[in-house]
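Down below is the structure, laid out as structure tokens.
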Amino acid sequence: MRHFKSAIHLKRSFIAVVLISLMALVGACGGGDSGTGNPVFGGSSIYEEERNGQTVMVFAVSITDSDGSLYTDGVLVQGAAFTPIGSLPIAVVAIGGRAEIIVEIVSNGEYRVGIDGLTDRQGVTHLPQPNDENANG
């Protein structure tokens, strides 16, 4: 039982370090001038593939500006991934208007990702539109 609690604590610590590192990358990533306006969830595609011998679900998320052009500044995509046996927080840097959220397939069933917000390089979080059902894929 002690080993199990230690493994959970180690996993949470690892996730915290990854999230802090990704936030630091938001300021460093991006191509400078994006179009006009705020980052907006532009859609997603979902597909299954094998990476390093493990089957994963890939949620490819696109980020646009208010004009519909790719948002090229760095953006942190935040939300949660839902698997048949639980959920876990996600934070992935979108570079050039695209982010890939990778979820390992651990069991048969439904896998989903919910986008809670997009944090720009100034630290402002832009929430998905209230009636945008595509932000949960």
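- Interatomic distance, CD1 of I46 versus CZ of R112, reported as 10.5 Å (0.5 Å rounding).
- No side-chain heavy atom of T64 sits less than 4.5 Å from a side-chain heavy atom of Y71.
- Expressed to the nearest 0.5 Å, how far OH of Y47 lies from CZ of F59 amounts to 11.0 Å.
- D116 and L127 make their closest contact through O-CD2, 3.4 Å (heavy atoms, listed as atom of the first residue, atom of the second, distance).
- Looking at D65, its side chain does come within 3.5 Å of a backbone N or O of D67 through a donor-acceptor pair.
- To the nearest 0.5 Å, atoms CE (M57) and CD1 (I102) are separated by 10.5 Å.
- The backbone N or O of Q122 sits less than 3.5 Å from a side-chain atom of D120, completing a donor-acceptor pair.
- Going from atom OG1 of T119 over to atom NE2 of H126 covers 8.0 Å, rounded to the nearest 0.5 Å.
- Using modelled atom types, one finds no donor on one side chain facing an acceptor on the other under 3.5 Å when comparing T55 with E48.
- The heavy-atom pair separating A99 from V92 by the smallest distance is CB-CG1, 4.0 Å.
- Taking CG from N38 and CD1 from I63, the interatomic distance works out to 12.5 Å, rounded to the nearest 0.5 Å.
- Across all their heavy atoms, S107 and P84 have their closest contact at O-CG, 3.9 Å.
- The side-chain heavy atoms of V106 and I85, taken from C-beta on, include a pair separated by under 4.5 Å.
- Atoms CD1 and CZ, from I90 and F82 in turn, are 8.5 Å apart once rounded to the nearest 0.5 Å.
- Exactly one of V58, V56, V77 qualifies for a side-chain contact (heavy atoms from CB on, under 4.5 Å) with E100. That residue is V58.
- Of all the heavy atoms in G97 and L70, the pair that sits closest is O-CD2, 3.8 Å.
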> How far apart are the C-alpha atoms of V103 and T83, what are their side-chain angles, what is the distance that settles it, and do they pass the side chain to side chain contact (heavy atoms under 4.5 Å, CB included) test?
Replying inline: CA-CA 8 Å; V103 180; T83 73; 3.9 Å; yes
